[in-house]
**Q** 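The structure's right below; bear with me while I get my questions together.
Computed from a predicted model, the values in this text were never measured in an experiment.
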Amino acid sequence: MTEADQVRAEYESSLSWRITKPLRTLRRPARVATSPAPAPFTPGHFDSWLEQFHGERLAEIDAACADGGREQLALFRDLDDDLWAMLLTQDYSLYPNIRALLPRVPDASLQTLWNGASGAVLANQSKSFYAKVVDHQRRHGSTPLAEARVLDYGCGWGRLLRFFARDVAPGSLHGCDPVQAILDVCRDSGVPAELTKTEFVPDRLPYDEPFDLAYAFSVFTHLSERAADACLQALHRALRPGGLLVVTVRPPQYLQFDPSMHGALEQLGPEPSRRMTEPHHLFAPHAADELHLQYDGGEMTYGDTVITLAYMREHWAPMFEVVETAVLIGDLYQVMVTLVRC
């Protein structure tokens, strides 16, 4: 089995791939039936961009990276976010020391399986979220990223962890996920983070020292109310007072986009847009299956979820204060919510 096959096998059993596949297909442009199969990945696509416009600076960094070591990642901190994202794609043949230092990129089929996109398109989506988290930490956090302990909650294969690797000191960047197969991909790719397997519905997170910043991309978009509460409580305990938690949630429009949410939309009555200003945690569970890792004690805790801002302000208030929200133009069905731990 290939790496993608191994991840797919676990993903299909743990994340109801049978249910989510039709929705993911809707989000991708249809392929022309006669189009040829994609060629094997061969780095080099971005060579001309990098050499023409950043060649001198990258040559200096490449020479400084000859000895390797995580501490060399700090050399990339002053680079533009788009240039950093381009380097992380590994889609270039120049600068061999940079390519050796930065994490390897999983096969495009695995990226698409896990995130619905791959390559530069996915890197651009990831960069947008990363840049906003960095900005929110600077404006609302109490600790500079270079001195912070950071957690990616639901890290997958590390598509976001690798962005933060230049900002966070070695040993202070952590990622966790409940799917062991994807953690193995993350580790085997050389993502410079401490990786830990967690539970889908945790009582607590397996960390002794508190974090200054945690983020959860596309986690609370899939959780039942009970599972979301458990995850929030675990994250609250894992963060120091004043620490930041950045999550993504679905916008109200998702109720119309996703057929599985149409029942919840109908329950809101004839004026759903008005009702979306009220506190609601709307959850459409995936089909119950005793073999599913998120079929917890007879309850399906995984599905599709829309949580209103009013709900977060009311029900998450004892633990967190909502301090900022942000849309992502490249990923419209993920909306950022930044919270401060009380």
**Q** Mind checking whether V327 and V323 sit in one hydrophobic cluster, side chains of I, L, V, M, F, W, Y counted as touching below 4.5 Å?
**A** no

**Q** Minimum heavy-atom separation for L58 and I98, please, with both atom names.
**A** O-CD1, 3.7 Å

**Q** Could I get the full list of salt bridge (Lys or Arg N to Asp or Glu O under 4.0 Å) partners for R313, not counting sequence neighbours?
**A** none

**Q** Quick one: sort the W84 and F163 rings into parallel, tilted or perpendicular, breaks at 30° and 60°.
**A** perpendicular

**Q** Does the S189 side chain pair with the main chain of V191, one donor and one acceptor, at a distance under 3.5 Å?
**A** no

**Q** Would you say the side-chain atoms of E194 pair up with the backbone N or O of G175, donor to acceptor, closer than 3.5 Å?
**A** no

**Q** What I'd like to find out is whether the side chain of F76 reaches to under 4.5 Å of the side chain of C65, using heavy atoms alone.
**A** yes

**Q** Any carboxylate oxygen within less than 4.0 angstrom of a Lys/Arg side-chain nitrogen, looking at K197 and D177?
**A** no

**Q** Side chains of S224 and M300, heavy atoms from C-beta outward: is any pair under 4.5 Å?
**A** no

**Q** Okay, side chain of R166, backbone of L79: is any donor-acceptor separation there less than 3.5 Å?
**A** yes

**Q** Does L223 belong to the same Ile/Leu/Val/Met/Phe/Trp/Tyr cluster as V322, with side-chain heavy atoms less than 4.5 Å apart forming each link?
**A** yes

**Q** Which pair of non-hydrogen atoms, one from T198 and one from P206, has the smallest distance, and what is that distance?
**A** CG2-CD, 3.8 Å

**Q** With a 4.5 Å limit on heavy-atom distance, are the side chains of V179 and W157 in contact?
**A** no

**Q** Less than 4.5 Å apart, any side-chain heavy atom of C342 and any of P318?
**A** no

**Q** What distance separates L255 CG from L268 CG, expressed to the nearest 0.5 Å?
**A** 6.5 Å

**Q** Any donor and acceptor pair, going by atom type alone, linking the side chain of D331 with main-chain N or O of Q125 inside 3.5 Å?
**A** no

**Q** Ring pair (Phe, Tyr, Trp, His ring centres under 6.0 Å) with H280: which residues, sequence neighbours excluded?
**A** none

**Q** Run the salt-bridge test on K132 and D135 with the 4.0 Å N-O cut-off and return the result as yes or no.
**A** no

**Q** Are Y302 and F200 close enough, and set up right, to give a ring pair (Phe, Tyr, Trp, His ring centres under 6.0 Å), and what steps lead you there?
**A** CA-CA 9 Å; Y302 184 87; F200 280 104; 7.7 Å; no

**Q** Out of curiosity, L213 CG to H174 NE2, how far, rounded to the nearest 0.5 Å?
**A** 12.0 Å

**Q** I need the L122 CG to Q111 CD distance, nearest 0.5 Å.
**A** 6.0 Å

**Q** Please round to the nearest 0.5 Å and tell me the distance separating atom OH of Y311 and atom CD of E278.
**A** 14.5 Å

**Q** Using only atom types and a distance under 3.5 Å, with no angle test, would you say the side chain of T277 pairs donor to acceptor with the backbone of R274?
**A** yes

**Q** Relative to the ring of F211, is the ring of Y207 parallel (under 30°), tilted (30 to 60°) or perpendicular (over 60°)?
**A** perpendicular

**Q** Taking salt bridge (Lys or Arg N to Asp or Glu O under 4.0 Å) as the definition, give me every residue that meets it alongside D47, ordered by chain and number, with sequence neighbours left out.
**A** none

**Q** Mind checking whether F283 and H281 have parallel, tilted or perpendicular rings, split at 30° and 60°?
**A** tilted

**Q** Decide yes or no on side chain to side chain contact (heavy atoms under 4.5 Å, CB included) for R226 and V201, but give the supporting numbers first.
**A** CA-CA 9 Å; R226 184 179 70 83; V201 184; 4.1 Å; yes

**Q** Closest heavy-atom contact between L101 and Q72?
**A** CD2-CB, 3.8 Å

**Q** For atom CD of E51, decide whether the heavy atoms of other residues, nucleotides or ligands shown that lie under 6.0 angstrom number more than 12.
**A** no

**Q** Let's go through L245 and Y153 carefully: what are the C-alpha distance in whole Å and the side-chain angles of both, what is the deciding distance for side chain to side chain contact (heavy atoms under 4.5 Å, CB included) to 0.1 Å, and is it a yes or a no?
**A** CA-CA 10 Å; L245 172 61; Y153 184 72; over 6 Å; no

**Q** Check L235 against A214 and note the closest heavy-atom contact, atom names and distance.
**A** CD2-CB, 4.3 Å

**Q** Mark yes or no for whether R162, through its side chain, and R104, through its backbone, hold a donor-acceptor pair below 3.5 Å.
**A** yes

**Q** Indicate, with yes or no, if the rings of Y254 and Y333 have centres closer together than 6.0 Å.
**A** yes

**Q** I'd like to know if the side chain of R138 and the backbone of V134 have a donor-acceptor N/O pair within less than 3.5 Å.
**A** no

**Q** Any side-chain donor-acceptor pair under 3.5 Å between H315 and D229?
**A** no

**Q** Under the ring pair (Phe, Tyr, Trp, His ring centres under 6.0 Å) rule, collect the residues that match up with F220, sequence neighbours excluded.
**A** W316

**Q** Using the ring pair (Phe, Tyr, Trp, His ring centres under 6.0 Å) criterion, which residues pair with H45? Sequence neighbours excluded.
**A** W49

**Q** Shortest non-hydrogen contact from P43 to D91?
**A** CA-OD1, 3.7 Å

**Q** Using a 6.0 Å cut-off, check whether atom CD of E71 has over 12 heavy atoms from anything other than its own residue.
**A** yes

**Q** Looking at D80 and K127, does any basic side-chain N land under 4.0 Å from a carboxylate oxygen?
**A** no

**Q** Going from CG on L328 to CG on L332, what distance comes out if it is rounded to the nearest 0.5 angstrom?
**A** 8.5 Å

**Q** Answer yes or no: is there a side-chain heavy-atom contact under 4.5 Å between H136 and M336?
**A** yes

**Q** Hey, does the side chain of E324 reach the backbone of V337 with a donor-acceptor pair shorter than 3.5 angstrom?
**A** no

**Q** Stepwise, does the side chain to side chain donor-acceptor pair (under 3.5 Å) test hold for R149 with S172?
**A** CA-CA 5 Å; R149 276 175 51 83; S172 293; 5.8 Å; no

**Q** For E225, is the CD atom crowded, meaning more than 12 foreign heavy atoms sit under 6.0 Å from it?
**A** yes

**Q** Hey, is the main chain of S109 close enough, under 3.5 Å, to the side chain of T112 for a donor-acceptor pair?
**A** no

**Q** Quick one, L151 with L205, criterion side chain to side chain contact (heavy atoms under 4.5 Å, CB included). Give me CA distance, side-chain angles, the key distance, then yes/no.
**A** CA-CA 11 Å; L151 173 66; L205 300 183; 3.9 Å; yes

**Q** Counting distance only, does the side-chain N/O of T248 pair as donor-acceptor with the main-chain N or O of Q334 below 3.5 Å?
**A** no

**Q** Which residues pass the ring pair (Phe, Tyr, Trp, His ring centres under 6.0 Å) test with F129, sequence neighbours left out?
**A** Y215, F217

**Q** Between E321 and L339, is the side chain to side chain contact (heavy atoms under 4.5 Å, CB included) condition met? List the steps.
**A** CA-CA 5 Å; E321 176 191 359; L339 311 128; over 6 Å; no

**Q** Starting at CZ of R250, measure out to OG1 of T305 and round the result to the nearest 0.5 Å.
**A** 8.5 Å

**Q** Would you name the heavy atoms of A284 and M261 that are closest together and state the gap between them?
**A** CB-SD, 3.7 Å

